[in-house]
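Counting convention: from 1, in listed order, for ligands and their atoms alike.
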Amino acid sequence: MKIQDVLLSDYGEASSIPSPVNQLMTDFAVDFRDGHDINLGVGYVNERTIPHQQIQHACEKVLAHPKKYRASLNYGGAQGSRNLIESLRRFHIENRIGGITEQILNRRDIVIGANGATSLLESITHLLPAGIVLTADPMYYIYCNNLERKGFRVTAIPEDNEGLDAERLRTKLKRLGNEKDAIRFFYVVTVNNPTCTILSNHRKRELVDIVTRFSHEVGRKIPIFFDNAYSDLVHDSTIEPLESALCYDTLDIVYEIGTLSKILAPGLRIGYLIGPKGRFLDSIIQRTSDIGFSAPLINQEIASYLLDHGIEVQIQKVNNGYRQKAKLVKAWMKELLGDNIQGCRGGSAGFYYYLTLASVTTDITSDFFKFLTRTTGRGEFDGPPGSQHPKVIYIPGEHCVHPEGEMVEVGKRQLRISYGFEELPQIHEALKLMKSAITYSIGLT
Ligand SMILES: Cc1ncc(COP(=O)(O)O)c(C=O)c1O
């Protein structure tokens, strides 16, 4: 009898095919040539922002003080290290991060994820029933792809220069009719990935207000999760200090997700969730236990030590680096691609620029993409087989906009460029190649 393949769940089936961005990045990484090809696609932080020495020092301190940092190489608990939770509390209160006070935190819990903010986002998908999730367009494609594989339906509302458009959201909610009951949560990235658009305080308050009213209307608390992955990376001093959405919460529906990935090191895998004490947070803690406990205890203790010793200086250093890069990259983009840039977001926070080109498509079948990945099939552009010209990768807008949303058409002319990982000379080189790719695409060569 013919034997069938392993029976997969719907989620298993959906996950057996890599997401388009994963496929793109894997293909590029397979034959990536160090010092030759340029990766403006990855969301990696800049290596030079990672405080290697301080991490080594913190590790020694933790191991040398077992009284404070108990059994740091043993299993951790499900909620996270007491030391780290205390350090995070202090970090938020003493620095008045977003106006957070002791009073605000006393009514809330902090829980540490198993593996960065990503694991907390993932846990949400197991604890809330499948249904509709509202977010901004362009969207954080990694999480939205995960949500859809888990059976959620993502509805993406275009953003303007203050973040998710509140007026459009109100209209959408009105038009949903009976489907209102299927709304499970709102997901808002405060410095959006891919655009780095900063959600203004005014807009943030408006969104909390909309979701509060909506919760009353449907007679059920609908959570709104703010993803603060890049909120410590606002490097433009003209931007108003960001307020925490927790300050606006009157119904216990606001949750904030943070990470130490961008200000310390992604490799520590420390992400945390702050929200009202209650059944939902309890379920997150149980879920963390189910998937192998909170992040490795040694990493949590190292992070705690670093938060207690000089974190402000570290954050400043990180931001000084990105500020300088943002300025230069912007000037180069203007000089090299200027004629064809119709829209540009980013440059004040995080490390992405999100461009809209006037007349050139950027999707993986486009001439622009083929030129930069050396797949035009023409030797003069690709270089000789075996020693091709430098390749450049970026994230095409088609992967960032929701495929059923309003931005599908414009998304075909958009791209995300990261100035995080690569150093300035490589970024300059990549932008020069993008200029040539535009010339090639519009047929002037
Ligand atoms: C919007 C957003 N959320 C979450 C994360 C993941 O954070 P972590 O490294 O803590 O898993 C990222 C990483 O790039 C991100 O861009």
Report, as yes or no, whether the 6.0 Å neighbourhood of atom OH on Y75 holds more than 12 heavy atoms from other residues, nucleotides or ligands. no
With I302 as reference, evaluate L63, L307, I55 under the side-chain contact (heavy atoms from CB on, under 4.5 Å) test and give the passing residue. I55
Evaluate side chain to side chain contact (heavy atoms under 4.5 Å, CB included) for K204 paired with Y248, printing each intermediate quantity in order. CA-CA 9 Å; K204 193 183 276 181; Y248 314 142; 3.9 Å; yes
Just the distances, no angles: every ligand 1 N or O to protein N or O pair closer than 3.5 Å, one line each.
unit_1   : atom_1 : unit_2 : atom_2 : d
ligand 1 : 3 (N)  : D227   : OD1    : 3.4
ligand 1 : 3 (N)  : D227   : OD2    : 2.7
ligand 1 : 9 (O)  : S261   : OG     : 2.7
ligand 1 : 9 (O)  : R269   : NH1    : 2.8
ligand 1 : 10 (O) : A117   : N      : 2.7
ligand 1 : 10 (O) : T259   : OG1    : 2.6
ligand 1 : 10 (O) : S261   : OG     : 3.3
ligand 1 : 11 (O) : A117   : N      : 3.2
ligand 1 : 11 (O) : T118   : N      : 3.0
ligand 1 : 11 (O) : T118   : OG1    : 2.5
ligand 1 : 11 (O) : R269   : NH2    : 2.8
ligand 1 : 14 (O) : Y230   : OH     : 3.2
ligand 1 : 14 (O) : K262   : NZ     : 2.7
ligand 1 : 16 (O) : N193   : ND2    : 2.9
ligand 1 : 16 (O) : Y230   : OH     : 2.8

Carefully, step by step, assess I395 and Y141 under the rule side chain to side chain contact (heavy atoms under 4.5 Å, CB included). CA-CA 10 Å; I395 305 284; Y141 52 87; 3.8 Å; yes
So, using side chain to side chain contact (heavy atoms under 4.5 Å, CB included) as the criterion, who are the partners of R170 when residues are at least two apart? A166, E167, E206, I210
Which atom of S81 lies closest to which atom of L84, heavy atoms considered: OG-N, 2.9 Å
